[in-house]
**Q** 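Here it is, the structure, as structure tokens.
Predicted, not measured: the structure shown is a model, and the values here were computed from it. Throughout, protein chains are lettered first and strands after them, A, B, ... in sequence-line order, and every chain is numbered starting at 1.
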Amino acid sequence: MTKKNYAFYPGCSSQKGASASNFAASIEVMCGKLGIQLNEIPDWNCCGASIGYGEGGLLPRLVLNARNLALAEQHLPGQDMVSGCPACWLSTRETAEKLRESADLMAGANEALKEAELDFKGTVKARHIVEVLVEDVGFEGMKAPVVKPLQGMKIAGYVGCQTNRPFGIAGESFENPQYLDRMIATVGAEPASGYEQKVTCCGGALAFSEPDKSQKQIRDIVESAYDHGAEMIVTPCQLCQANVEIYQSEINKKQGTKLAMPVVYYSQLMTVAYGGSLKEAGLDGHVIQPKKLQDIARK
Amino acid sequence: MAEMKTAAYICSGCGLGDKLDIAQLGKIAQNEGKIALVRDHAFLCNSEGVQMIRDDIEKEGVTHVCIAACSRRAKTEAFHFPTVAMTRANLREGVIWVVAEGSEHDEVRQEMADDYVRMGCAELKKVKLPQGNPNTTLQKRILVVGGGMSGLTAAFEAAEAGYEVVIVEKQARLGGWANKLWKRVPFKAPYAEPQDTGVAVLAAKVSTHPRIKVHLNSTVAETAGAPGRFVVKVAQESGAVTEEAIGAIVQATGFTTYDIAKLPELGGGQANVVDQAGLEALAQAANGGALKRADGKEIKSVVFLQCAGQRDETGQHLAYCSGHCCATSIKQAMYFKDANPDIDTVVLYTDLRVPGMGEDFYRSAQEKGVIFTKGKASGVEAAVNGCKVSFKDLILDEDTSLDADLVVLATGQVPNAGVNLDAWDKAVSEADGGSEAAKQNKSEMQKISILNLSYRQGPDMPQFKYGFADSHFICFPYETRRTGIYAAGPVRRPMDMLQATEDATGAALKAIQAVENASLGRAAHPRSGDLSYPIVRLEGCTQCKRCTVECPFGAIDEDEKRFPVFNEQRCRRCGTCMGACPVRVISFENYSVDTVGNQIKAVEIPDEFSEKPRVLILACENDAYPALDMAGLSRTVYSAFVRIIPVRCLGSVNTIWITDALNSGYDGVMMMGCKKGDDYQCHFVKGSELAGYRMGKIGDTLTGMGLEPERVSSYEVAITDNERVAKFINEYVAQLVEMGPSPMKGFG
Amino acid sequence: MSENRQAIAHYRNNFLKEVEVHVEDGEWVKMCMQCGVCAGSCPLGNAWQHTPQKLFMMIRAGKREEVLSSDSMWMCTSCYNCIVRCPRKLPITHIMHGLAHYAHRLGMAPKGQPTREVARLFWNNLAKTGRVNELKFSLAMYFKDGFIQGIKNLLAMQGIGIGLMKAKRLNPMELLGGHKCKDKDGIHKMIAKAREIEERKQGYAS
Amino acid sequence: MNPSIATNQAILVVGGGISGMTVALEAAECGKQVILVERNATLGGRTARMNRYFPKMCHPTCGLEINLRRLKGNRNVRVMTMAEVSGVAGQRGDYTVALKLAPRYVNAKCTACGDCAAVVEAEIPNPYEYGLSKTRAAYLPHAMAYPMHYVLDPSIIGTADAERARAACKYDAIDLDMQTETVELKVGAIVWATGWKPYDAVKIQPYGYGRFANVITSLEFERLADPHGPTGGKLLRPSDGKEAKNIAFIQCAGSRDENHLRHCSRICCMASLKQTHYVREAYGDAGKSTIYYIDIRVIDRLEDFYQKVQQDAAVSFVKSKVAKIVEGKDGSPVLHGVDTEGYHRYATAHDLVVLAVGMEPETNGIKLPEDMLLDSSGFIEGSQSEGMFGAGAATSPLDVNRSVQSATAAALRAIQVVHKIAAAEACPEHVGGGRNNG
């Protein structure tokens with residue numbers, strides 16, 4: 001299989017030992033099976049995330065992202081820049097669009113980039129891995145490598161916010177996107193239909209600053225998954241995964257609930273379905289153990 | 001005219017042959033109906049059946065045709081024989097589709113069909129093929145009263161279609177309000193910027209148009225005649241009078257702005273408070289530069305108060321919304337922003353009403369920095385440098401205020417529609433033999449008249465609501481009560497310039513249509529094309545004036561001896577005069593006291609022991625008759641004891657029909673007409689109401705005959721009432737059965 | 001930031017213009033038509049004292065102090081619901097971020113507002129090495145209100161921390177160094193330059 | 001129809017709704033030759049599917065009856081149904097129009113007796129009812145259909161049903177061999193009275209139309225309220241057939257929204273106010289209507305109607321664009337949003353939600369002649385050659401009254417064109433001489 005090359009922007013949370021390191025682990029097998037070659041952008045930096053604005057201001061934030069774009073443009077010419085993290089993707093794409101639309105901002109950004117001896121021409125396209133899967137690989141393509149269909153599993157597809165808004169995956173709706181459910185079905189599991197918290201916000205960065213408010217969101221997201229008979233939540237978002245998984249114990253403690261809903265990435269499902277091991281799927285990296293999926297991976 | 005030769009054609013298709021004894025129907029037509037030529041056909045509406053009829057007309061000299069088949073509303077293309085008089089006996093929708101299935105109903109079903117054939121034949125004897133009013137007129141010039149944007153448009157558009165036009169304009173110059181505007185609201189994409197009014201160009205085109213004659217400084221001193229033959233006296237300011245021969249009239253007399261002096265609480269009367277017209281004057285003076293107040297100060301901040309003296313619920317000011325004022329304020333705010341973007345412009349509104357593409361204009365103003373605040377103003381006070389506007393901010397939920405150099409009040413449009421005819425009627429009856437003061441009052445009132453119609457029913461068009469000369473009908477915005485006279489623009493309803501020019505173009509079309517109809521002796525809407533017209537036998541007339549008073553269209557004047565003078569070109573052929581006439585001297589060639597009376601008499605009335613009551617239904621052809629037809633179409637069963645006759649309007653129902661019916665042994669009469677009241681449905685305005693009023697008067701007659709008042713009943717029936725109408729019938733028949741047979745049976 | 005206060009002094013009477021110049025996407029504020037769909041779309045709506053649409057109205061009404069000292073825009077979770085639903089296509093999320101940033105920068109944002117603090121810590125954390133050090137960021141957050149409170153927070157959250165460590169998603173070794181960009185200096189200079197350009201453009205003394 | 005009747009002095013009217021019928025009749029009653037083409041099987045258009053008109057609460061079929069009577073009595077109009085314009089060539093005063101005629105499978109011999117429908121078994125979603133109910137695949141479009149002929153749905157052609165229908169017809173009115181044909185006409189002027197269509201409510205994602213059974217459109221609600229409609233005029237909710245007594249009306253569903261339709265659709269405020277009357281008529285004080293709005297746009301004397309509804313204690317107004325709808329446990333839609341007058345957050349359950357969907361041109365998505373001038377929403381402003389005009393809701397989101405007004409004006413514009421042709425043919429040297437054609 002000839003592999004298709006992409007400039008890869010992993011993002012801070014996907015580094016070794018960081019909160020989404022299990023995601024980082026799981027995409028390797030997946031990409032391998034699907035002919036996706038991810039080439040890490042050398043010396044990439046943080047995107048500023050959705051909380052960077054408070055201190056950062058507009059141009060400094062744009063410049064952070066412009067640096068990554070410029071690096072990709074310079075070192076991995078002709079390749080689309082792909083992020084695994086929605087916040088990274090959003091920041092990058094927003095930057096690319098804003099700079100393309102405004103000569104003034106572009107000039108400002110390049111003036112600042114010069115300090116780091118870089119220059120951005122605006123040629124790079126910023127994409128999310130899910131876009132690559134849906135648009136470049138296709139559902140048929142995603143289905144092809146399946147060797148262990150995840151039969152008998154009912155999974156709530158939790159899309160969250162930033163993979164979905166404001167850009168989203170082309171052709172999908174903001175309120176009821178279908179691609180995640182289709183991906184779940186593609187690997188042989190059953191999507192929990194009518195899961196109405198599909199695009200509810202988990203609180204994002206406010207999980208740190210406004211824990212009570214965010215945990216109310218998280219509780220709704222998890223309880224609705226239970227209500228729809230799901231045994232697991234799957235998400236494309238790093239922050240969603242972390243928030244929804246790790247705060248369940250807090251909620252239980254404070255509110256007397258007994259939430260224990262595993263939350264995994266789509267890439268983990270795919271890796272398992274493609275025959276990857278528990279470790280390759282990053283399934284050793286959970287606070288709430290996705291036992292059923294782990295069992296399938298062990299088989 | 002050739003001798004009358006009658007023919008009846010009985011169709012046995014669509015199940016008629018299965019359900020009815022066609023041979024018997026034929027015999028009835030022949031023996032009782034005395035029809036010269038009777039034929040039946042298995043499929044009368046197919047080409048063969050139609051050809052058979054056509055052959056009889058051409059070769060046998062048939063002049064009168066009775067079609068006994070489906071409803072008069074069905075198969076009109078097939079049964080189109082324009083050279084003969086025709087009646088239809090409704091055996092399908094009126095009999096076999098509504099009488100209950102089963103052999104136990106065979107007898108009543110057949111009796112019903114027999115009667116409809118009798119009725120069709122009886123009517124046929126009395127109808128004539130309308131020949132059209134011989135008194136046709138050829139004057140096709142169109143008078144446009146008012147030379148503003150609406151009037152100019154009407155004139156130009158009519159002239160471009162080949163018609164001669166006369167404009168009468170009160171002012172010394174064409175253009176009206178539009179002359180006073182700096183710019184107009186955009187009327188085509190991209191709806192972003194104020195545009196030139198275009199009035200100068202249009203006025204120039206009109207002034208030089210070879211088919212348009214313009215009278216400036218002029219008013220209409222008198223309008224006499226009727227469509228196709230109006231004689232209009234145009235009076236110049238100087239006193240000179242010119243007579244113009246006119247075919248139809250467009251009244252485009254526009255509006256006056258609501259007087260801001262009536263709004264002192266909003267600053268009306270203060271130096272730095274103007275209305276929208278006042279702001280236009282400032283903008284014209286500024287000529288694209290900085291707008292200055294009357295005191296010469298350059299305006300740096302302005303507040304527009306929407307709905308000033310409009311949408312008023314207190315009864316003090318205008319209750320309606322003038323529709324254009326939100327867009328007008330947006331436009332005017334742009335005058336400021338375009339001259340200097342730093343000028344603070346605030347539009348204070350409760351609902352921002354810019355329908356359609358106006359939304360783009362709203363956006364454009366926002367882009368220019370016009371601030372829109374949802375709030376309700378409570379007062380405007382003079383302040384040191386301008387005004388202080390106190391208001392409640394409805395979004396921020398607080399009482400607050402704004403200072404501004406100038407306040408603009410968005411006041412409403414008050415129509416220039418002339419004399420209110422209700423007030424006029426009162427003034428006339430008071431003046432008639434009354435005091436000098438009453439006479440003075442009447443002549444004062446006439447001073448504001450626009451058209452000075454020499455009509456018995458008053459000098460102007462009837463007004464609809466709030467003084468606007470609008471149509472009452474949603475589907476027919478030009479259905480006026482003065483045939484051949486059409487209101488256009490803000491005199492018809494409050495509107496903006498775009499709508500006014502559209503409206504004027506539509507009114508011009510209607511005026512053209514009116515002269516074309518008049519020239520052929522045809523009726524105008526809604527009985528368009530009808531060639532029948534009221535024919536009066538004056539020798540029998542008792543000068544009771546009922547016809548002149550009750551005519552909904554002011555078609556009938558009175559001569560000096562108080563005899564009615566019919567102006568057929570004004571007539572809409574509803575037959576109200578015929579219904580009103582106590583001595584029955586008014587008729588139409590194809591619709592008369594006799595055409596209906598004969599049908600009533602033709603019905604065979606079973607004796608009092610038969611347990612077969614007979615109920616006459618007089619159904620309005622506009623709504624009730626179609627509803628009855630559709631009851632048939634949906635196979636809704638109703639009593640076979642009813643006999644239905646369509647009438648042009650309940651207003652045309654002459655009480656003689658009712659008394660004759662009851663005299664001849666009918667057990668009851670149902671009258672089905674349109675809805676009454678403010679939201680009336682009658683296209684002849686008061687049909688149901690008049691019928692009710694007249695029936696009220698025959699109560700005594702009924703009592704005299706020893707009949708219960710319930711033997712005559714009336715119903716408001718809508719066109720969608722196919723199920724309700726069946727219910728009414730069945731309930732009424734049950735009520736009559738309960739009551740017992742009419743005591744008149746056997747005397748008829 | 002006293003010079004900045006002076007710089008905006010001539011906008012006193014026209015807060016909308018000030019916002020248009022100084023706030024990210026502030027020129028959109030005038031386009032709001034007060035439908036309120038943003039207000040109803042916010043996941044943390046209940047926590048907003050002033051909804052976005054109401055903030056826009058307050059800006060137009062010149063309520064400078066109230067707007068800039070409001071904690072409402074700090075409630076934004078960046079979910080972008082408001083953006084995709086806004087019938088006038090206002091970039092509401094960005095305007096909220098911009099307002100928060102502007103208020104923060106002027107020192108008018110509420111003192112101790114938790115999201116404001118988190119945002120500051122996060123930025124400082126990432127700006128240091130070019131990449132976020134999650135452990136240091138977490139610790140900084142817990143200790144933002146002082147040492148004692150920090151220990152309390154730490155104890156309260158230790159279950160989560162230990163859980164993540166077990167899952168190898170929180171690395172105690174990060175404290176000693178951790179991930180960072182190679183061209184740290186370039187990044188520092190670049191950010192400093194960007195700030196400088198921004199201040200210059202907005203007419204601040206710099 | 002014999003195409004030879006058409007000459008360059010004839011006017012073609014495209015669309016047989018109330019606007020098209022008005023253009024045709026007004027021009028014909030001025031003595032002009034008109035060809036009226038309609039894509040559907042019957043004239044009447046969208047208004048024929050309305051229950052009542054605002055503000056009079058009268059019945060649209062009343063006006064239709066009068067117009068049909070005018071039509072039946074006027075030989076200047078030729079009506080062609082199931083006919084679609086497939087191409088226009090030429091210029092002002094001399095257009096050649098290609099018409100595609102779809103097979104009806106029923107000819108003019110049909111007497112509307114209904115024998116065919118009695119034997120056909122297949123059912124199709126009733127197009128007249130927006131699919132809210134089913135009808136036999138041989139059907140009369142509605143009780144006021146014109147022409148009053150049945151239609152065979154193409155889906156049964158080639159089946160035993162079609163054969164049964166043919167066998168049942170005593171009048172040889174069913175012709176299963178009918179094919180699509182194309183005819184060409186010469187006309188002098190063309191009026192596009194192609195009307196409007198409701199904005200596709202599925203696209204307004206937060207409101208869940210298509211996902212939640214009890215979220216319907218205002219047009220569907222008209223059918224529910226119509227005594228001849230699928231529920232016999234009862235306001236029943238689709239999910240469980242229970243009476244819907246607490247109804248929410250959401251304004252600007254698609255309109256005034258740059259994600260959907262840029263423009264304001266003008267009629268929807270009045271339509272919802274009117275529909276609150278249906279609720280009152282059905283349930284009296286026990287009914288409850290809530291209108292969620294941005295601005296109530298009812299201009300001129302329609303304000304009266306608004307004020308009357310405002311005084312009705314059973315109707316409340318919330319100034320708010322609803323943010324989203326979620327489906328409650330019993331299928332009741334729960335509306336979330338903020339009342340912006342003040343600041344009041346709500347999460348209100350209703351039995352039924354009616355989306356006051358916006359109007360877009362019916363011709364959106366259909367290729368019009370290149371000559372046509374359209375605005376940013378696709379409404380027709382006119383044509384470069386000035387021989388083609390728009391009329392009614394094809395030109396702007398208009399209510400019925402304004403559509404008819406617009407149609408009357410359009411009739412005159414078309415007459416001007418053919419008048420000039422006639423004048424030119426009578427006296428060629430005088431045409432245009434010294435005249436300003438604007």
Side-chain angles (χ1 to χ4, degrees), chain A residues 12-13 15-22 43-46 48-60 62-64 67 104 108-109 111-118 161-162 165-166 168 174 200-201 203-206 208-210 213-214 217 242 246-247 249-250 253 284-287, chain C residues 24 43-44 46-47 74-81 83-85 93 97-98 100-101 104-105 114-120 122-124 126 130-132 134 138 141 157 159-160 163-164 166-171 173-174 178-179 181-183 186-187 189-195 197-198 201:
Chain A
C12 302
S13 65
Q15 298 172 96
K16 197 163 195 281
S19 57
S21 50
N22 50 346
D43 205 40
W44 56 266
N45 57 259
C46 173
S50 41
I51 194 79
Y53 65 83
E55 184 74 29
L58 176 61
L59 195 61
L62 294 179
V63 160
L64 276 181
R67 182 176 177 272
D104 190 42
E111 191 184 339
L113 280 176
K114 218 165 141 194
E115 299 290 319
E117 290 165 15
L118 285 166
C161 300
Q162 297 188 349
R165 292 181 300 263
F174 297 130
T200 300
C201 180
L206 272 67
F208 305 117
S209 55
E210 299 282 356
K213 297 179 182 96
S214 303
Q217 300 290 113
I246 67 180
Y247 288 106
S249 62
E250 272 295 297
K253 206 157 67 184
D284 54 348
H286 285 275
V287 177
Chain C
E24 180 181 349
L44 260 56
N46 282 315
W74 295 100
M75 296 297 162
C76 175
T77 66
S78 308
C79 76
Y80 292 84
N81 262 321
I83 283 202
V84 299
R85 289 181 188 157
T93 313
H97 292 173
H101 171 71
H104 171 66
R105 178 166 192 169
T115 306
R116 181 186 180 193
E117 291 307 312
V118 169
R120 189 176 53 80
F122 185 86
W123 180 266
N124 292 342
L126 77 88
R131 292 189 191 174
V132 171
E134 290 178 347
S138 308
M141 273 191 335
M157 298 300 283
I160 286 178
L164 282 173
K166 277 191 192 159
K168 298 189 210 72
R169 287 161 60 189
L170 192 61
N171 182 0
M173 301 311 282
E174 285 272 310
H179 303 287
C181 288
K182 285 189 207 115
D183 187 19
I187 291 173
K189 281 192 278 177
M190 177 185 84
I191 293 174
K193 188 72 185 174
R195 269 190 187 279
I197 297 167
E198 191 154 88
K201 283 209 178 117

**Q** Look at atom NZ of C/Lys166 and say whether more than 12 heavy atoms of other residues, nucleotides or ligands are closer to it than 6.0 Å.
**A** no
**Q** Testing the basics here: between A/Asp104 and C/Lys201, what is the closest heavy-atom pair and its distance to 0.1 Å?
**A** OD1-CE, 3.4 Å
**Q** Can you say whether A/Lys16 sits under 4.5 Å from chain C via the side chain, the backbone, both, or neither, judging by heavy atoms?
**A** both
**Q** Indicate the atoms forming the closest heavy-atom contact of A/Leu206 with C/Trp74, along with that distance.
**A** CD2-O, 3.7 Å
**Q** Looking at NE2 of C/His104 and OH of A/Tyr53, how far apart are the two atoms once the value is rounded to the nearest 0.5 Å?
**A** 10.5 Å
**Q** Who wins among A/Asp284, A/Thr200, A/Asn22 for the most heavy-atom pairs under 4.5 Å with chain C?
**A** A/Asn22
**Q** Taking side chain as everything from C-beta outward and backbone as N, CA, C, O, which of these in A/Glu250 sits under 4.5 Å from a heavy atom of chain C? Side chain, backbone, both or neither.
**A** side chain
**Q** So which heavy atom on A/Arg67 is nearest to which on C/Cys181, and how close?
**A** NH1-SG, 4.3 Å
**Q** With a 4.5 Å cut-off on heavy-atom pairs, point out which of A/Cys161, A/Gly17, A/Ser13, A/Ala242 contacts chain C the most.
**A** A/Gly17
**Q** So what's closer than 4.5 Å to chain C heavy atoms on A/Leu62: side chain, backbone, both or neither?
**A** neither
**Q** Heavy-atom distance under 4.5 Å between the side chains of A/Cys12 and C/His179, does that happen here?
**A** no
**Q** Output the distance between atom CD (A/Gln217) and atom CG (C/Leu44), rounded to the nearest 0.5 Å.
**A** 5.5 Å
**Q** In terms of heavy-atom pairs under 4.5 Å, which option from A/Pro60, A/Ser21, A/Gly108 contacts chain C the most?
**A** A/Pro60
**Q** Over all heavy atoms of both residues, which pair between A/Cys46 and C/Leu126 is shortest? Give the atoms and the distance, please.
**A** SG-CD2, 3.8 Å
**Q** In terms of heavy-atom pairs under 4.5 Å with chain A, which of C/His97, C/Lys193, C/Lys189 leads?
**A** C/His97
**Q** Taking all atoms of both residues into account, what is the closest heavy-atom pair of C/Ile160 and A/Ser249, and its distance?
**A** CG1-OG, 4.2 Å
**Q** What residue in A/Ala205, A/Ala112, A/Ala109 has the most heavy-atom pairs under 4.5 Å with chain C?
**A** A/Ala112
**Q** Looking only at side chains, do C/Asn81 and A/Arg165 share a donor and an acceptor under 3.5 Å apart?
**A** yes
**Q** For C/Arg116, which atoms come within 4.5 Å of any heavy atom of chain A: side chain, backbone, both, or neither?
**A** neither
**Q** Under a 4.5 Å heavy-atom cutoff, which of A/Lys253, A/His286, A/Glu117, A/Lys213 has the most pairs with chain C?
**A** A/Lys213
**Q** Do you know the tightest heavy-atom contact between C/Thr115 and A/Glu210?
**A** OG1-CG, 3.9 Å
**Q** Check whether any side-chain heavy atom of C/Phe122 sits under 4.5 Å from a side-chain heavy atom of A/Glu55, and report yes or no.
**A** no
**Q** Strictly distance-based, threshold 3.5 Å: is any side-chain N or O of A/Asp43 a donor or acceptor partner for the main-chain N or O of C/Lys182?
**A** yes
**Q** Between C/Met190, C/Arg120, C/Met75, C/Glu134, which has the largest tally of heavy atom pairs under 4.5 Å with chain A?
**A** C/Met190
**Q** Please identify, among C/Ile83, C/Asn171, C/Ile191, C/Ile187, the residue contributing the most non-hydrogen atom pairs under 4.5 Å to chain A.
**A** C/Ile187
**Q** Please flag which part of A/Gln15 lies under 4.5 Å from any non-hydrogen atom of chain C: side chain, backbone, both or neither.
**A** both
**Q** Would you give the length of the straight line joining atom OG1 of C/Thr93 to atom CD of A/Gln162, rounded to the nearest 0.5 angstrom?
**A** 9.0 Å
**Q** Measure A/Ser50 against the heavy atoms of chain C and call it side chain, backbone, both or neither at under 4.5 Å.
**A** both
**Q** Given the options A/Gly52, A/Gly48, A/Ala20, A/Gly54, which has more heavy-atom pairs under 4.5 Å with chain C than any of the others?
**A** A/Gly54
